[in-house]
Protein chains: 2
Amino acid sequence: MSDLLERLRGRGWRMTSQRRVVAEVLDGDHVHLTADEVHARAARRLPEISRATVYNTLGELVALGEVAEVSTDGRAKRYDPNAHRPHQHLVCSGCGAIRDVRPTGDPLADLPAQERFGFTVSGAEVTYRGLCPSCA
Amino acid sequence: MSDLLERLRGRGWRMTSQRRVVAEVLDGDHVHLTADEVHARAARRLPEISRATVYNTLGELVALGEVAEVSTDGRAKRYDPNAHRPHQHLVCSGCGAIRDVRPTGDPLADLPAQERFGFTVSGAEVTYRGLCPSCA
DNA sequence: ATCCTACAATGGACAGAGTCCAAGTCAAGA
DNA sequence: TCTTGACTTGGACTCTGTCCATTGTAGGAT
């Protein structure tokens, strides 16, 4: 993730302790934290960080394409740092656990022209649902 | 949709004017109303219907499998009466318009066993994104 | 090393979506 | 028609997220 900090600096980001901590919290695979969870973890290192700053920073990371926004349940959005490798999500209907998955094939290829209604289709998000080993 | 009313009566639903109006509002193809939109339309016919009743009724219709809940944008959930025919959604990134679409193939087939992490996978939701003819 | 200033952080008010609950109402079976 | 348990109501409440005026500070200029 320190290469992320480098990239951001290279893009003219002013590097503040708040932004650094948010970026560090969003490190790793299969990380899908809500904004409040990011705030809670960031606050362990930087107690006075505000919710507004966390929301601002997350929004900027999304706009820069460094983090993906995922909403699997119509509740709080989740933030996925694994934005550079295209992937989909597998969600446990029992406990809400989320795994990144890489299906074979391109979902776009499954949408024939007569099902596109004149739209210019640019992407597809797939959410697989099921029960994780612990919940099954 | 009157066959829906029959089915519900058959399942022991107490038939109230509020429930009837909500069911009638949710009639047609490519209908994807938010709860507030359902409430507004229902209130045109039954001015004193409350928001709580609309939420209750929508929740019951979803639990009975008569209506599908769709959340394409992390904002308000939308309610799709076309629940008996499996389909996916195509969403315009410009204006938010939603079309029901039927891709070929089964998205589940594209998730190989080693990408399932021991989950019992039961379904997949696909959201295609693009620009509709008016927004393109 | 210090100063400047534009950009960033803060926190509190606000808004949108949805849930909960106690009290009142009514559908439908007896 | 009566009765009763299911349904509806509206307002308070929660959760998630946004907005904004004020305060603070990173980092280039001197």
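Letters A, B, ... mirror the listed sequences (proteins, then strands); counts begin at 1. Values in this document were obtained by computation on a predicted structure and should not be read as measured data.
- With sequence neighbours excluded, no residue forms a side-chain hydrogen bond (donor to acceptor under 3.5 Å, both in side chains) with A:R116.
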message = So if I define the base as every atom that isn't primed, P, OP1 or OP2, how would nucleotides 6-16 of chain D read as a B/S/- string at a heavy-atom cutoff under 4.0 Å?
response = BSSBB----SS
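- For A:A35, the side-chain contact (heavy atoms from CB on, under 4.5 Å) test picks out A:Y55, A:L58, A:Y79, with sequence neighbours left out.
- Chain A approaches DNA chain C within less than 4.0 angstrom (heavy atoms of the protein), and the contacting nucleotides run 5' to 3' from C:dA6 to C:dG11.
- Partners of B:T127 by side-chain hydrogen bond (donor to acceptor under 3.5 Å, both in side chains), not counting sequence neighbours: none found.
- Residues passing the side-chain hydrogen bond (donor to acceptor under 3.5 Å, both in side chains) test with A:R20, sequence neighbours excluded: none.
- Partners of A:R11 by side-chain hydrogen bond (donor to acceptor under 3.5 Å, both in side chains), not counting sequence neighbours, listed by chain and number: A:E66.
- Checked by atom type and distance alone, the side chain of A:H30 pairs as donor or acceptor with a backbone atom of A:D100 at under 3.5 Å.
- Remark: P of D:dG27 and CZ of A:R11 are 17 Å apart, rounded to the nearest angstrom.
- Every residue two or more places apart in sequence or in another chain that forms a side-chain contact (heavy atoms from CB on, under 4.5 Å) with A:R14 is listed here: A:T16, A:R19.
- Grouped with A:F117 in one hydrophobic cluster are A:L90, A:V101, A:L108, A:L111, A:F119, A:V121, A:V126, A:Y128, B:L90, B:V101, B:L108, B:L111, B:F117, B:F119, B:V121, B:V126, B:Y128, the linkage being side-chain heavy-atom contacts under 4.5 Å among Ile, Leu, Val, Met, Phe, Trp and Tyr residues.
- Residues satisfying the side-chain contact (heavy atoms from CB on, under 4.5 Å) criterion with B:S50, sequence neighbours excluded, are B:A52, B:T53.
- Applying a 4.0 Å cut-off to non-hydrogen atoms, none of the residues of residues 88-100 of chain B approaches DNA chain D.
- For A:T104, the side-chain contact (heavy atoms from CB on, under 4.5 Å) test picks out B:D110, B:P112, with sequence neighbours left out.
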